[in-house]
Structure formats: C-alpha cells, structure tokens
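As structure tokens, the structure follows; a few thoughts come after it.
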Amino acid sequence: MRRIVPMVWPLVLTAVITGPLLAPGFVVSYDMVFVPDLPVRLDLFGVSAAMPRAVPSDVVVAVLDELGGGQVLNKAVLVAIPLLAGLGVTVLWRELRLGGRLAEAAAATLYVWNPFVAERLRLGAWALLLGYAALPWLVRGAIRLRQGRGWAGFVLAAALCALTASGGVVGLLVGGVVLLWRPGAYSRWPVGVALLLNAPWLVAGITHSGLATDGASVSAFAARDEGYGGTLPTLLTLGGVWNADVVPGSRGEPLGLVLAFAMLLMSLAGVQLWWRRDRFAGALVVPAVVALLIALAGVVAPGLFAQVVQHVPGAGLFRDGQRYLAPLALLESIGFGVAAAWLQAQVKPKLVVGLTAALLPVAALPALAGGAGLHLSHYPGDWPQAKQALTGRFIPWPFEAYRAPSWNGHRAVLDPMPRYFGAQPSIVPDELIVSGRRLGGEDPQAADIANALRNGTDLAPVLLRNGVGWIVVDREAGGPAPDTVIRGLTKRFEGPTIAVYQVAGTPAPERLPIWRTVTVLVAWGIAVLTLLPALASVGQRCYSSVHLIGRGRFSWDR
C-alpha cells in the first residue's frame, strides 16, 4: 500500500485539472479541434500540397475516433496528458532510485502542474503534450534498454513523442542522449527505431515542395517575457509562450513570481545535488540546455534565425522555440523532487515539508485547476445537414485559418470546418495573423486562392483549377456572402450558422506526384511495422497484469 498510494497522486491532479471538462461536449481551443468523426483520407497522411503539420496526429485521430467517437477521444486525450505525465515521473523517479515518496510526489506535481502545460493546453497543443507526457517514460525505457530490458516501453513512448514533428525532435534528442551517455550493447539500435517511428512526418516534410517559411514568423513566435525580468527567467520558470492570450492570469503576479523563483532555485539546487550523487544527471542536463538554446534563438538572434528559417528547408520547425521546453521541465521536476527530499532530511516535521513541496506548484499556478481556461462547446445542429449536402472538395468561407464562433463562446479556434466536413478534402488557409501581422503560408494552392481574393480576381476559375467545386460558409463570421462576389454559385444548403454553395464548372482533378505518395505511404508502413511488436508485447503484459492483480502480486515497478 505504501508504494501504491503515491501512484494515486497523479490521478488526483488529473481529476482537478480535467474534471469539469468531462461533461458532455467538445473541448475546442485554438489548435485543439476534435469533431464527431474524422474520416481517414489520403491527404491526412501528408501527401497533399499543404505543409504536413498534423502528421501523423490527424491519422491517429481518424483511426481512434472510430472506437468511441470524437468526443470520447477528445476527453481521453485531456485525461491522458496529466495522468501519463504524473505517472511517468513517478516511475522514472523509482527507476533512478532517488527515494522519498513525498519528494516523488513533488517531482510529479511540478511536471504536471506548470506554465508550459497550462499555456500549451490552452493553445490546444494536445499532440505535443502527449509527447511531453511520454518523455519520462522514454527516459525510463532508455535506462532499462541499457540493462537489456524494457524495449516495448521505449518504443511506445517514442511513438507518442512522434505524434508531432517537434515532439519527435525532443524524443530523439532526449532518448539519444540518455542511450549514448554511457555506451553499451543496447545504445545504438533504439535510436534507429526511434527514427523509423518518426518517418511519417520526416518523409512527408522532406518531400513537401511548398512555399518558403515566412521569416517574419520568427519574431511573431518568439518567446516572451511574462513579467519575470526577461525572456530567460521566464523560460527557466517554464513559461514564455508567444501568445499572450493563453498565459494564466497568475503569471507575473507577486505571489506567483515569488513561488516560481523559489521552485526554480530548488530545482537548480536539486540538480546539483543529483549530479554530485550520480553523473547520469548530465544525460538530462544536456537536452535541457539544448532545449533552452532553441527557445532563445528567436529572441537572441531574430534576424539571423529569420534568414535560416526562410532559406533552410525544415528550419521553420524551430520558429516557435518555446515548444521544445519539455526536457527542461523534466530536469527541473526531478531536481525539485531531489531538493524536497534533502529539505525533508534537514527540516522537521518531514510530513509538513513534503506536503508543502508537493503543493507548491499548485499554489503558484491555481489557474490550471479546471483546465487552464478550457471550456465545453457543442457544434451547431445544422452542421450534420450541411455535411450531407457537400459532395466535393471545398474551401471554408471566409478564407481565414482561425475563427471565434458564438457556439464556442467567441473563443478563438482553428477553423473546425475542414475536419468536421472531412469526408471531403479541402484547401485550408494557412496564413496566420499574429499581433496584427499577416504571415505568409506554405501551401501554394491556398496562396493562389488568397492572392485572388486580395487582388479582386474572379475567384471561380481559380477555385476550379485548384480542384475546388464547393464553398462552405460560416454565416456567423460576417463579411459578404460568396455569391455576391463570385459568379455562378448555386446554394445547396442554408442553415442558421452555415451554408453550402457549389461552383459552376468542372474542377480540375487533384494531381499528386505518384513518387511522393508512394514514398510517404512506405514511410508510414515502416513506422507501423516498427510499432506493432511493441504493442503486442505491452498487450501481453497487460493481460498478465490482470491475473497478477487478481492474485495480489502486481507491482507498479515491473
């Protein structure tokens, strides 16, 4: 029982964060867009003209929402993020043999409950946060691999990290450093396996031939000072997201500032204590330092970095450098727990010291309780009817990437229409407006349509040559109806919030390079075949664990 109780603490934290969000309804916010059913389409694999930003996460959603629907998957993801993160630090703590159950809980609390999680959760970066939650499991798996065991856990954790390109980079960085820190018989092939798991987004990105990344995006997505005396202290306290609208209200306030710096000092002291005890601490220090440098690149050298992003293929992946703070968060969490254990040994009563440390992150960031500003929403009732009326490739109208619909409380969200009406392909606008500045997109088809709109060109021929024969209109978004500015439209459906128009003429068939389609699908096949043995192994172990639990012989440390 003494060993099981600390495992319950992450469950408590998860309930406090996500409890109010588990009622009926969808949680949609910025990039978090779940719909009742996202069908599996070829373009989701990364073979369209659009930049493959949601590869492979969209395919995973399209497959898994068949099990219980998009709403159930939406809530499962929200629960999985803090739960996996907290349990991951707990099992990693025990693998490192750092000792002290309350100190273990303190480390888990900081990893679950910090500004990085709060800001990215509000920003809707659910796939990135699943990779964040998998990171301590990845480190634990890498440690066990060095001992000749635990390969399945490492592979599954690496696969979760690879749900996004940035998460995949973090997983490769951390897993590679841990595996190679003290080279052994199992230090090489797991890195290759992790690369294979990242193949879907790697190959889709390498073979993409879109427009260059806008250099102005470096300044737009650079890390920010949240009132902590500069960007560096803000990042060290695990904040600094580019979007000020998603920053919790307690950030920068006197109490929050004092507690944040107190936890930072404890974390740094704890890392030093851990280093003196075990040089393996350096295996987490190195990725944390690299992550911090990436986060600072857009602040320290914005001009140079803008040139790199604009001219080096793939460099745009690093324009939002704060996304890469997960290794720093993990290092600080372990250091915070080590410092809490040291304080317990020095100060009495130990129970009070331990409980105080475990609750300190919560006190510093109360806004994370209840979901960091996330809310429940319901899609309008006329959308299913509009879905039936739509029978071809479409564009959303107005042709903008984000909306603030009334059914979502006028809160910003990535346009849900391309996913909701996902039975049909679409061209999605990828130009972004950040701080009043419009940043150029990377999809040549979307740019062709956007330029025609700005120039007042007859849009119908532009749509048809890009394979678009339909327009889905958000009637709440304002602006002119498309049939007043585009000739030859026929209205096929009109409801209170949405309308569907058909463009007169025959759309050109979408032509995708066969070589790219084949290459991307082969990469997917390799990644799936790499993952299947690990899934089978974990499934067998789960089956065995059920019998062990029934006999009272189950251990969390297996």
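Atom-to-atom distance recorded for E104:CD and L98:CG is 9.5 Å, nearest 0.5 angstrom. Distance check, rounded to the nearest 0.5 Å: CG of L78 to CG of L21 gives 6.0 Å. One finds the CG atom of L13 at 10.0 Å from the CG atom of L87 (value rounded to the nearest 0.5 Å). Separation of atoms CG (L331) and CG (L135) is listed at 11.0 Å; rounding is to 0.5 Å. Atom CG of residue L179 and atom CG of residue L172 lie 10.5 Å apart, to the nearest 0.5 angstrom. With rounding to the nearest 0.5 Å, the separation of CG in L156 from SG in C161 is 11.0 Å.
Remark: the backbone N or O of L84 is paired with a side-chain donor or acceptor of W137 at under 3.5 angstrom. Distance alone, capped at 3.5 Å, is enough to place a donor-acceptor pair between the D430 side chain and the E442 backbone. At distances below 3.5 Å, not a single donor-acceptor pair connects side-chain atoms of E332 with backbone N or O atoms of S267. Under a 3.5 Å cut-off, the side chain of Q322 and the backbone N or O of L235 do not form any donor-acceptor pair. Remark: side-chain polar atoms of K75 are not paired, donor with acceptor, to backbone N or O of V27 under 3.5 angstrom. Side chain of T14 to main chain of L83: a donor-acceptor pair is present (N/O by atom type, distance under 3.5 Å, no hydrogens or angles). S333 places a side-chain N or O within donor-acceptor distance of the main-chain N or O of A329, the cut-off being under 3.5 Å. Listed for the W113 side chain is a donor-acceptor partner under 3.5 Å among the backbone atoms of L365. Using modelled atom types, no side-chain atom of S29 and backbone atom of M32 make a donor-acceptor pair closer than 3.5 Å. Looking at T237, its side chain never comes within 3.5 Å of a backbone N or O of A260 through a donor-acceptor pair.
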Might you work through the side chain to side chain contact (heavy atoms under 4.5 Å, CB included) test for V308 and V218, ending with a clear yes or no?
-> CA-CA 10 Å; V308 172; V218 168; over 6 Å; no

Verify side chain to side chain contact (heavy atoms under 4.5 Å, CB included) between R94 and R101, making sure each step is shown before the conclusion.
-> CA-CA 9 Å; R94 297 182 183 186; R101 296 299 178 225; 3.6 Å; yes

Worked verdict on E95 versus R146 for salt bridge (charged side-chain N to carboxylate O under 4.0 Å, His left out) = CA-CA 13 Å; E95 189 69 32; R146 291 156 56 89; over 6 Å; no

Might you work through the side-chain hydrogen bond (donor to acceptor under 3.5 Å, both in side chains) test for D225 and T234, ending with a clear yes or no?
-> CA-CA 6 Å; D225 175 15; T234 300; 3.1 Å; yes

Criterion side chain to side chain contact (heavy atoms under 4.5 Å, CB included) on R419 and L414, from CA distance to verdict | CA-CA 10 Å; R419 283 182 170 83; L414 183 68; 3.6 Å; yes

Take L145 and W189, measure what side chain to side chain contact (heavy atoms under 4.5 Å, CB included) needs, and give me the verdict at the end.
-> CA-CA 10 Å; L145 270 176; W189 69 263; 3.9 Å; yes

Please lay out, stage by stage, how D278 and W275 fare under the test side-chain hydrogen bond (donor to acceptor under 3.5 Å, both in side chains).
-> CA-CA 5 Å; D278 185 358; W275 171 262; over 6 Å; no

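Minimum interatomic distance between F154 and A142 (heavy atoms only, all atoms of both residues): CD1-N, 3.7 Å. Looking at every heavy atom in both residues, P248 comes nearest to E119 through CD-CG, 3.7 Å. Shortest non-hydrogen contact noted between F116 and N114 is N-OD1, 3.0 Å. Closest approach of P56 and L163 over heavy atoms only: CD-O, 3.2 Å. Of all the heavy atoms in G337 and W93, the pair that sits closest is C-CH2, 3.2 Å. Residues P20 and L376 come closest through the heavy atom pair O-CD1, 3.7 Å.
L110 places a side-chain heavy atom less than 4.5 Å from the side chain of P361. Counting only heavy atoms from C-beta outward, the side chains of L317 and W201 approach each other to under 4.5 Å. With contacts defined as side-chain heavy-atom distances shorter than 4.5 Å, the pair R140/L96 does not qualify. The shortest distance between side-chain heavy atoms of V170 and P327 falls below 4.5 Å. Inter-residue side-chain proximity for V112 and V117 is flagged as unmet; no heavy-atom pair is nearer than 4.5 Å. Side-chain contact between W126 and S57: present, with at least one pair of heavy atoms (C-beta onward) separated by less than 4.5 Å. Taking the side chain as every heavy atom from C-beta outward, W524 and V55 approach each other to under 4.5 Å. The shortest distance between side-chain heavy atoms of L535 and V155 does not fall below 4.5 Å.
When each of D65, L38, L67 is paired with L73, the side-chain contact (heavy atoms from CB on, under 4.5 Å) condition holds for D65 and for no other.
Aromatic rings from F318 and F305 are positioned such that their centres are separated by 6.0 Å or more.
Both the sub-6.0 Å distance and the 45° axial angle are satisfied by R251 relative to the ring of Y228.
A donor atom on one side chain and an acceptor atom on the other are found under 3.5 Å apart for T109 and W9.
We find that R120 and D320 are joined by a salt bridge, their nearest charged nitrogen and carboxylate oxygen being less than 4.0 Å apart.
Ring pair Y111/Y132 is parallel by interplanar angle, where below 30° counts as parallel and above 60° as perpendicular.
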